[in-house]
Structures are given as structure tokens and as C-alpha cells.
**Q** 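Next up is a structure, given as C-alpha cells.
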Amino acid sequence: MDHLRQQDPALAELISREARRQASVLRMIPSENYASHAVLEATGSCLSNKYSEGYAHFRYYQGQEFIDRIEDLAVERATTLFGAEHANLQPYSGSPANMAVYFGLLKPGDRVMGMDLSAGGHLTHGAKVSFSGKFYQVRQYGLDPSTQLIDYEAARRLAKEWQPRLIFTGASSYPRVIDFAAFRSIADEVGAYLVADISHISGLCLSGDHPHPLPQVDVVTTTTHKLLRGPRGGMILCRGALGPKIDKAVFPGLQGGPHNHVTAAIAVALGEAARPEYAEYCHQVVKNARALAQGLREREFSLITGGTDNHLVLIDATALGLTGKILAVALEEAGIVANANKIPFDPRPADDPSGLRLGTPALTTRGFKEAEMDQVADMIHQVSRNTSRPEVLAKIKARVETLCAQFPAPGLPE
Ligand SMILES: Cc1ncc(COP(=O)(O)O)c(C=O)c1O
């Protein structure tokens with residue numbers, strides 16, 4: 001950052017401090033990760049200077065010789081890696097990718113089904129406050145109260161009654177496997193499009209730690225910055241026949257020029273994800289989440305569904321006499337960064353929910369294994385018993401910093 005430091009020292013200092021924060025805390029928000037230096041270099045490259053409305057070889061502006069080759073390469077890597085017939089890498093992020101699916105396949109007012117926010121779904125899966133709940137008629141499916149697992153039979157009954165044109169699957173805070181085949185049979189019964197939003201679990205679908213949604217679903221959407229460890233972006237994969245509708249929805253339907261620097265950085269991340277080390281990384285993400293769940297269970301935490309199959313663990317903080325917010329704030333004071341989250345059938349409001357969501361993707365990128373996850377569970381336990389004792393939280397923070405120093409994070413200055 002030599003140039004930035006010289007030209008705008010105040011901003012450079014803030015970025016440096018954020019880098020030091022990322023290096024010295026346990027980052028456990030399940031949607032966050034550390035991108036590699038190579039991904040960050042592409043994101044910060046001169047490609048940001050170029051306008052390229054359209055798609056490779058069909059542009060509205062001149063000067064696309066290298067941009068076209070970069071987009072071709074990124075698309076080819078995406079289709080090969082995910083086994084998809086068609087890929088669009090232009091969505092600015094995950095929510096715009098989902099918006100493009102609605103926009104491309106439906107008319108405003110069409111009927112849709114998605115997973116309820118408090119069951120673990122995402123805002124864009126039909127929540128009332130999102131465009132998806134405002135421009136479409138939505139009914140939402142959820143969980144079986146006795147198991148806290150997706151209630152596929154209730155979803156089937158709802159689909160038969162509601163006759164949606166499109167069904168969204170996928171989640172932001174669901175710790176178990178999603179049965180895409182069950183959703184395929186539900187969608188087939190009512191003749192609906194089936195979309196899988198794998199933003200959280202994309203890597204696990206590649207490594208075989210979670211069933212792959214293709215070729216069962218019609219469309220797959222994903223962010224590129226979570227488990228995939230790319231830049232912030234979005235991606236849509238689909239059957240070839242749907243490609244033109246999706247492409248038109250992204251551009252010119254919803255966006256102008258693509259962010260070429262992001263497209264290139266996604267290509268870098270996809271190149272990294274194609275290596276055997278990435279599958280090993282994803283296996284370890286799941287092993288670490290299981291070890292964390294076990295460590296927490298042994299310390300008498302109450303976990304939603306009792307554990308995890310993927311990269312995240314959801315705690316009911318009210319079982320400890322706390323709330324998600326109280327626990328998240330105390331954890332941050334101790335150098336452990338997670339987020340308060342709704343739990344299934346949560347009686348508390350979204351801005352002060354009962355749960356806490358913890359993920360292992362970023363810690364696993366640092367090289368944490370099961371033994372470290374047990375130490376992390378122990379520290380979370382200590383915090384939960386001492387939320388209003390700053391002197392204890394300060395001691396745990398020192399322990400966190402010692403642990404972090406042993407596992408340098410990639411992509412940050414050394
Ligand atoms: C399942 C799911 N879909 C979509 C998104 C939206 O992504 P973005 O925040 O990039 O718009 C998220 C974000 O966390 C998500 O969890």
C-alpha cells in the first residue's frame with residue numbers, strides 16, 4: 001500500500017488497522033473468509049478501469065481484447081468446476097444474482113416458495129422486507145419443530161396448494177444437509193423451476209461434503225466470497241436452455257457494466273478451488289465444525305439440531321440465560337467475532353435474537369484443526385460464563401492473540 005500510504009495516510013492507516021484486526025481475532029462469521037494475495041491482487045487491478053457492457057464477444061464498447069479473454073476464462077473455469085452448462089459471473093453480489101433469477105424466469109406477481117428467514121433462509125428467498133417478498137407472491141416453508149430439520153412433506157403440501165412457478169432452496173443458517181433431490185420431486189409435482197442458492201456451501205458441494213445440486217436443479221446461485229474464497233461477487237449457473245433468459249436479466253435487465261476486476265479475481269479463486277488442496281480444505285472445514293460442535297456440547301451448550309453437517313453451528317444463547325447479542329458482544333471483547341442470529345421458531349426479534357451463529361471457514365483457512373477448535377470451544381464457554389467481567393474477557397483476548405499468532409492468515413500483510 002505504498003502509494004496509498006503516501007497519498008492518503010488516514011485511509012491507509014484505517015485499512016492497516018482492519019488488517020491487524022483480521023489477523024488478531026478469531027473470525028467465526030460463517031460467511032467470511034480470507035482471500036489469497038492472488039485474489040486480492042486481481043481485485044485491485046487496472047481491470048477496474050474498463051467498461052464492458054454486454055458479454056464476451058458481444059460488447060457495446062471497444063477495447064475488449066483482454067477483457068473478453070478474462071471473462072471467457074472465468075466462465076470456462078466456472079462451468080468446468082461446477083459441471084454446469086452455462087455460467088454468468090457478472091452479478092455484483094449474491095443478492096443481485098438471486099434477483100436476476102427472479103427477473104429472468106418470472107413476471108412480477110408470480111407465485112414463489114422459499115425458506116423462511118427464521119428457519120435459516122436468506123432475505124432474497126421471499127422475506128417481506130426484500131424485493132423478493134414485495135414483487136412476488138411468496139409462501140414460505142420451514143422446519144419440523146420436533147427435529148429443527150427442513151420439513152419436506154410440509155413443503156410438498158404447501159407447493160401443491162400454492163402452485164408456485166419457482167422454488168428457492170438454500171440457506172444462510174441451516175447446519176444440516178439440504179436434500180436437493182426431495183426438492184426436485186416437489187418442484188416436478190407442481191411444474192416449478194427449482195433454484196439452489198449454495199452461497200454458504202458452494203465449496204462443500206465441490207468437495208463432496210454436501211450433495212451437489214446439479215444436474216438436479218434448474219439454476220444454482222452462489223456468492224463468490226464465502227467458502228469459495230474469491231472477491232465479493234455473485235455467480236449464476238444453469239442449464240444451457242435457461243442461459244439467454246438469465247443473461248438478459250443480469251444485463252441489460254438489472255446491471256450495466258460488469259466489474260471486470262472482480263470477474264478476474266473470481267477466475268483466480270476458481271483456479272484455486274480446482275486444486276486438490278481446496279477439497280482438503282473443505283473436508284477440514286466440516287471436521288472443524290463438528291469438533292467445535294462437540295466441544296460446545298461437552299460444555300453443555302444447546303445446539304440447534306444438536307450439531308452440524310456443514311461449516312456452521314447455531315447456538316441457543318437463551319439456554320445459557322443470555323441472548324445472542326449479549327454473547328456476541330462479550331465474544332468480540334474477547335477477540336472472537338461471530339454474529340447474533342435467529343434460531344428456529346425464535347420468539348425474540350431479528351435485531352435482538354436468541355441465537356449465535358459460528359462458522360469455521362476462516363479459521364480453517366488459517367490452518368486450524370480439531371485440537372484448536374476444542375480450545376476455541378473452551379474460550380467461548382469461558383466468555384459465556386463471564387459476559388460482564390471485562391478483566392476475564394481481556395485474559396481470553398490475550399489467549400486468542402497468542403493462538404492467532406501461531407496461524408498467520410493468508411492475504412494479509414506479514
Ligand atoms: C444463502 C445466501 N444467499 C445470498 C446471500 C447474499 O449475498 P450478498 O450479501 O453478497 O448480497 C447470502 C449472504 O449472506 C446468503 O447467505
Side-chain angles (χ1 to χ4, degrees), residues 27-33 35 39 43 88-103 112-127 129-133 136 138 140-143 150 166-178 180 183 194-205 210 213 217 219-238 246 249-250 254-255 258-259 262-263 265-266 269 285 289 308-314 337-342 350 353 355 357-362:
R27 297 178 60 227
M28 300 194 72
I29 294 173
S31 47
E32 294 186 0
N33 215 325
V39 165
T43 311
N88 186 310
L89 272 62
Q90 295 195 3
Y92 296 144
S93 208
S95 302
N98 285 346
M99 195 177 207
V101 174
Y102 287 88
F103 201 67
V112 172
M113 253 174 70
M115 182 140 106
D116 192 62
L117 202 57
S118 67
H122 188 254
L123 284 166
T124 54
H125 300 179
V129 291
S130 130
F131 75 90
S132 55
Y136 301 91
V138 182
Q140 298 207 280
Y141 59 86
L143 309 176
I150 294 174
L166 184 146
I167 299 175
F168 246 91
T169 68
S172 298
S173 55
Y174 185 67
R176 296 295 179 176
V177 166
I178 297 173
F180 296 124
F183 275 113
L194 181 61
V195 184
D197 176 350
I198 59 166
S199 293
H200 265 262
I201 53 167
S202 53
L204 307 185
C205 297
H210 189 285
V217 309
V219 182
V220 171
T221 61
T222 181
T223 48
T224 51
H225 46 271
K226 297 185 171 92
L227 257 187
L228 265 185
R229 295 197 294 206
R232 301 194 82 90
M235 184 155 83
I236 306 174
L237 306 150
C238 62
I246 294 294
V250 175
L254 294 166
Q255 298 185 176
H259 293 177
V262 173
T263 308
I266 295 172
V285 164
T308 184
D309 295 328
N310 57 26
H311 64 306
L312 69 84
V313 173
L314 199 53
V337 184
N339 70 281
N341 209 94
K342 278 210 162 222
R357 196 177 62 147
L358 294 163
T360 55

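First listed ligand is number 1; within each ligand, the first listed atom is number 1.
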**Q** Quick check: does His200 get an N/O under 3.5 Å from an N/O on ligand 1?
**A** yes
**Q** Output yes when the distance from some N or O of ligand 1 to some N or O of Gly94 is under 3.5 Å, and no in every other case.
**A** yes
**Q** May I ask you to list the atoms of ligand 1 that are less than 4.0 angstrom from any heavy atom of Ser95?
**A** 6 (C), 7 (O), 8 (P), 11 (O)
**Q** I'd like to know if the side chain of Thr224 reaches the main chain of Pro231, judged simply by a donor and an acceptor atom lying under 3.5 Å from each other, with no hydrogens or angles considered.
**A** yes
**Q** Using a 4.0 Å cut-off to any heavy atom of Thr223, which atoms of ligand 1 qualify?
**A** 7 (O), 10 (O)
**Q** Can you confirm, on distance only, whether ligand 1 has an N/O atom lying under 3.5 Å from any N/O atom belonging to Ser172?
**A** yes
**Q** Checking the N or O distance criterion of under 3.5 Å, is ligand 1 in contact with Thr124?
**A** no
**Q** Which of the atoms in ligand 1, numbered in the order shown and given with their element, are less than 4.0 Å from a heavy-atom of Asp197?
**A** 1 (C), 2 (C), 3 (N), 4 (C)
**Q** Would you confirm whether Glu32, through its side chain, and Gly359, through its main-chain N or O, come within 3.5 Å as a donor-acceptor pair?
**A** no
**Q** Please verify the inter-ring angle class for Tyr102 with Phe168; under 30° counts as parallel, over 60° as perpendicular, anything in between as tilted.
**A** parallel
**Q** Do His200 and Asn310 come close enough that some side-chain heavy atom pair is under 4.5 Å?
**A** no
**Q** Any nitrogen or oxygen of His125, side chain or backbone, less than 3.5 Å from one on ligand 1?
**A** no
**Q** Of all the heavy-atom pairs spanning Ala97 and Ile236, show the shortest one and how long it is.
**A** O-CD1, 3.5 Å
**Q** With the threshold set at under 4.0 angstrom, would you say His225 reaches ligand 1 through any of its heavy atoms?
**A** yes
**Q** Measure Ala171 to ligand 1 on non-hydrogen atoms and call it side chain, backbone, both or neither using the 4.0 Å cut-off.
**A** backbone
**Q** Is it the case that the side chains of Ser93 and Ser95 hold a donor-acceptor pair, with the cut-off being a distance below 3.5 Å and no angle test?
**A** no
